[in-house]
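Structure, as structure tokens:
Naming: A, B, ... by sequence-line order, numbering from 1 per chain.
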2 protein chains.
Amino acid sequence: MDGADARERALDAAERLFYARGVKSVDMDDIRAASGVSLKRLYQVFPAKERLVEACLERRDVQWRARLAAYVDGRTEPQERVLAVYDWLREWFGEDGFRGCAWINAYGELGATSEAVAAQVRAHKEAFRGYLGALVADAGLPAALTGPLFLLAEGAMVRAGVTGSTDPAAEAREAARVLLSRSR
Amino acid sequence: MDGADARERALDAAERLFYARGVKSVDMDDIRAASGVSLKRLYQVFPAKERLVEACLERRDVQWRARLAAYVDGRTEPQERVLAVYDWLREWFGEDGFRGCAWINAYGELGATSEAVAAQVRAHKEAFRGYLGALVADAGLPAALTGPLFLLAEGAMVRAGVTGSTDPAAEAREAARVLLSRSR
DNA sequence: TGGAGCGGAGAACGGTCGTTCTCCATCTGG
DNA sequence: CCAGATGGAGAACGACCGTTCTCCGCTCCA
């Protein structure tokens, strides 16, 4: 196992554990046990737990947005592409072990004490909002729609996380559809 | 200082500190120092930190919903009462030290490890959603509007918490107004 | 006035956890 | 086959923190 391999294994294990149990209730030995990467190597690659947390959020951001974009790219009609965001949310909400939005959760846990984490949450949410804004623009819809569409998506993530249901995605989709049709 | 007074002082200090810094980064001695209630008395009233956390959330739930209801009761026209929720959100978001929704934050920090906290978050959100549903019914609007209106409010809380801006409240209000008018 | 109890300050205890260190087995090149 | 490097297992260290305990001063009533 070389350094890059150890890094991936550590990130896989850490991301899974942090998301499932929260950052502070996972200790470095849990990550060692789950990843098979020794503590010595872990600290060679990530000099502190906080670096590991940040690397997890960073990698997850890239992957999350890529998965969303790949799903949306399965649609061609511009307004359908906007609504596809909510269809993808429903798929995400239905995944095993779904526990809400990792960034919203991280903000609740660490946002007040780690400026680095708070900044990553802001960056992730801005990136998502920017993507939504691009879909809105591509559909020739007014830019003012982006805000409400984003709020519906955020609200759906929170409610799905708290209740464990996928329904909020459908609710948000229907509300989005009404707002879109209203703008025609 | 009697027991009831100590309880109130402890709750005041704990709620403020927990909200500002997160539960896990506030220790019992911080609460003792901020409240002036000795550790011995603190543990007489709340036998464990977790009980104190739960008591904070419980009291805050009652107060939060009372403040919202008092604001809404300043309006008489039924549809205006629905929209008043978002006006109140804007006031809340603008308060000094606003750091997002305490329940969403608590869910992110403790939801995965404390079933009691998770249940309180669900209960609070259901209560808020139920109140919104009653406003919708009183306005003679279709019950199906409640879901989207709730998601807009939740999304606004998250975005306001992360960005520190009050704008999400106005965005949510405008989207809500469109959804309402669309249902006439 | 005195002793009995109440309450506060803060030390102490026990457990947890981030981080580092020790020791040993296994490789590698000569 | 050997000297040195590498890396793993897990002990050790030090800090933090929830919770309890000790000690002492105060009060209150007989």
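- Atoms CZ (B/Arg21) and C1' (D/dC16) sit 14 Å apart, rounded to a whole Å.
- In this structure, A/Arg177 forms no cation-pi arrangement with A/Tyr86, as its terminal cationic atom is not both closer than 6.0 Å to the ring centre and no more than 45° off the ring axis.
- Comparing A/Leu39 and A/Gln44 by the nucleotide of DNA chain D whose heavy atom lies nearest to each, the residue mapping closer to the 5' end is A/Gln44.
- Distance, B/Asp29 CG to C/dG10 P: 10 Å, rounded to whole Å.
- Place B/Arg32 and A/Pro47 on DNA chain C by their nearest nucleotides, and B/Arg32 ends up nearer the 5' end.
- Within the 4.0 angstrom heavy-atom criterion, only backbone atoms of the sugar-phosphate kind lie near B/Lys49; the bases stay farther away.
- Between B/Trp64 and B/Trp88, the ring planes lie perpendicular to each other; the angle is over 60°, past the 30° to 60° tilted range.
- With C/dC17, C/dT19, D/dT19 as the choices, the nucleotide that has an atom nearest any side-chain atom of B/Tyr43 turns out to be D/dT19.
- The residue among B/Lys40 and B/Glu50 whose nearest nucleotide of DNA chain D is located toward the 5' end is B/Glu50.
- Remark: A/Arg7 fails to qualify as a cation-pi partner of A/Phe46 under the 6.0 Å distance and 45° angle criteria applied to the six-membered ring.
- Salt-bridge check for B/Glu154 with B/Arg159: failed, with every basic side-chain N at 4.0 Å or more from each acidic carboxylate O.
- With C/dG8, D/dA11, D/dG18 as the choices, the nucleotide that has an atom nearest any side-chain atom of B/Arg41 turns out to be C/dG8.
- Whole-Å rounding puts the A/Leu17 CG to C/dG18 P distance at 12 Å.
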